[in-house]
2 protein chains.
Amino acid sequence: MLNSYSSADKVLLAVDCIIFGFDHEGLKILLIQRDFEPEKGKWSLIGGFLKRDEVLDSAATRILNTYTGLNDIYMEQLYAYSEIDRDPVERTISVSYFALINIENHNAELIQNYHAEWFPINDAPNLIFDHNEMVQNAIKRLRYKTSVKPIGFELLPEKFTMRQLLELYEAILSKELDKRNFISKINSLDILNKLEEKDMQSSRKGSYLYTFNKEKYEEKLQNNFALNL
Amino acid sequence: MLNSYSSADKVLLAVDCIIFGFDHEGLKILLIQRDFEPEKGKWSLIGGFLKRDEVLDSAATRILNTYTGLNDIYMEQLYAYSEIDRDPVERTISVSYFALINIENHNAELIQNYHAEWFPINDAPNLIFDHNEMVQNAIKRLRYKTSVKPIGFELLPEKFTMRQLLELYEAILSKELDKRNFISKINSLDILNKLEEKDMQSSRKGSYLYTFNKEKYEEKLQNNFALNL
DNA sequence: TTTATTAATGTTGTTTTTACATTTATGTTA
DNA sequence: TAACATAAATGTAAAAACAACATTAATAAA
């Protein structure tokens, strides 16, 4: 029977951030090389401890900022990991958070001032503690999210081609999609603006650039919907 | 910059359980009347504190058992709540868990030996702290689950009629479903055994009883699927 | 001017979903 | 014992969504 509050069983509460990014090479996660013991020098998710006067969401934001300088990144809570010896130093429960960001907007900053580095999700180093598991679960969540929310806004440059959007979805779902069917499904969502402008990098013909229509996009974000790709 | 482990910011970690049940009256949640301060006498989710040598899943199981005598209930972790003053006594982060159980199998035991009580989800008392929010989020999760996993096994009596199954889904989704379409979708899942036996309670004609085909059911549980109701 | 490259575009058959009404079995009542 | 009342069981057709698929168009480079 639970009787009263005791301070006997307080624990350390950590936050670990799974940051997804996307560029021409594919889907990536942001990792850092730990600069303290234990496991110093090993690759790890960006993480830190919750402070007494902080909610988890803020801790996640603060920690991400501390390690990467990134600001105003919306993160979403995922799961609390609590295996007894997941951290060998001290009993620590860790709550994972994940976010999507646009690599090109942030890359210079990250690489220059911090020791954070992007790794392709299929070619990342082995991570400390239970961080590999955290990443795998975050990928699952990301896949699920593609089917109920429009994503891409955060991961692509402001102006992008249909091919880039297609490749983003293919990278997330790790399967090939039919180009024509993909395009017509995306168009049916009615969240893109087709620009006059063309991107001439990728072909002689050039391909139209698109931007997200922020208002319509936000509207869709409210009401879940099904996007079967 | 995060430097080393400090014990300065340890917190209490709680677990709160949202237990769903179903009977002829509809979908219900299990609540208890708090028998300690603060908020003594008010209704609350079943909850308690994580112990140092315990993982969250075990804590959830232990706490549920302590308050209700219930054993072997599979629970699933949902979300960590961390508002600073969510618990007025002391900074406490709470991780919510949810489970589905069959009311009829457990009711007697619960009501007799403990102070737990079932409330219809649409007619439950106001709860302490942020427990109302926890319940609302759990309902959302439950709805989501209906679309990717077969549920019902846990909530219905061993033998049940199609009508009962229909009413369960209607209660969870809180919308009416077309009976014929529902039945054919359920049948297409191929997880039920139709018995010879009929239930004569509900009508003069009587309606066939079904059981879940445990093997096929388990099989479906593994692989997510889409059930659009 | 020809060539090479990638972009843009639409149709058809198949499957899934939705909407919807009649007949059947059986206990109750007149 | 016949008529009645009640809920169960059942099927179809139209609409929508999905999947598979190949040709033409625009442009830079040779």
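Here is how names work: the chains are called A, B, and so on, in the same order as the sequence lines, proteins then strands, and each is numbered from 1. Treat the numbers as computed from the prediction; the structure is a model and nothing was measured.
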Undergrad: Provide, to the nearest angstrom, the distance between the CG atom belonging to A:L189 and the C1' atom belonging to D:dA17.
TA: 14 Å
Undergrad: Which residues pass the side chain to side chain contact (heavy atoms under 4.5 Å, CB included) test with A:N181, sequence neighbours left out?
TA: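 Here the qualifying residues are A:D178.
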Undergrad: Shorter than 3.5 Å, N or O on both sides, protein versus nucleotides 7-10 of chain D: list them out with atom names.
TA:
from: D:dA8; atom 1: OP1; to: B:R163; atom 2: NE; distance (Å): 3.3
from: D:dA8; atom 1: OP2; to: B:R163; atom 2: NE; distance (Å): 3.1
from: D:dA8; atom 1: OP2; to: B:R163; atom 2: NH2; distance (Å): 2.7
from: D:dA8; atom 1: N3; to: B:K205; atom 2: NZ; distance (Å): 3.0
from: D:dA9; atom 1: OP1; to: B:Y208; atom 2: N; distance (Å): 3.1
from: D:dA9; atom 1: O4'; to: B:K205; atom 2: NZ; distance (Å): 3.4

Undergrad: Atom CD1 of A:I186 to atom P of D:dC18: distance rounded to whole Å?
TA: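 To the nearest whole Å, that distance equals 13 Å.
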Undergrad: Residues two or more places apart in sequence or in another chain: which of them pass side-chain hydrogen bond (donor to acceptor under 3.5 Å, both in side chains) with B:N132?
TA: B:N126
Undergrad: Residues in side chain to side chain contact (heavy atoms under 4.5 Å, CB included) with A:S203, at least two apart?
TA: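 Checked A:S203 against side chain to side chain contact (heavy atoms under 4.5 Å, CB included); matches are A:K205.
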Undergrad: Answer with base, sugar-phosphate or nothing: what part of the nucleic acid does B:D178 contact at a heavy-atom distance below 4.0 Å?
TA: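 The residue B:D178 makes base contact.
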Undergrad: Whole Å only: how far is the CG atom of A:N187 from the P atom of D:dA17?
TA: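 One finds 16 Å between P of D:dA17 and CG of A:N187, rounded.
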Undergrad: What is the 5' to 3' range of DNA chain C, first to last nucleotide, that sits under 4.0 Å from any heavy atom of chain B?
TA: C:dT17 to C:dT28
Undergrad: What residues form a side-chain hydrogen bond (donor to acceptor under 3.5 Å, both in side chains) with A:K185, not counting sequence neighbours?
TA: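 Result, side-chain hydrogen bond (donor to acceptor under 3.5 Å, both in side chains) vs A:K185: none returned.
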Undergrad: Filter on ring pair (Phe, Tyr, Trp, His ring centres under 6.0 Å), then keep only pairs touching residues 137-159 of chain A, sequence neighbours left out; what's left?
TA: A:Y144-B:Y144, A:F153-A:F212, A:F153-A:Y217
Undergrad: Which heavy atom of B:A124 sits nearest a heavy atom of B:L31, and at what distance?
TA: CB-CD1, 4.3 Å
Undergrad: With sequence neighbours left out, write down each residue that passes side-chain hydrogen bond (donor to acceptor under 3.5 Å, both in side chains) with B:K179, or none if nothing qualifies.
TA: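 Residues passing side-chain hydrogen bond (donor to acceptor under 3.5 Å, both in side chains) with B:K179: none at all.
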Undergrad: Rounding to an integer number of Å, can you tell me how far A:F225 CZ sits from D:dA16 C1'?
TA: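 It works out to 18 Å between those atoms.
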Undergrad: Who are the side-chain hydrogen bond (donor to acceptor under 3.5 Å, both in side chains) partners of B:E197, not counting sequence neighbours?
TA: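 Listed in chain order: B:K159.
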Undergrad: Which whole-number value in Å describes the distance from A:K175 NZ to D:dA20 C1'?
TA: 15 Å
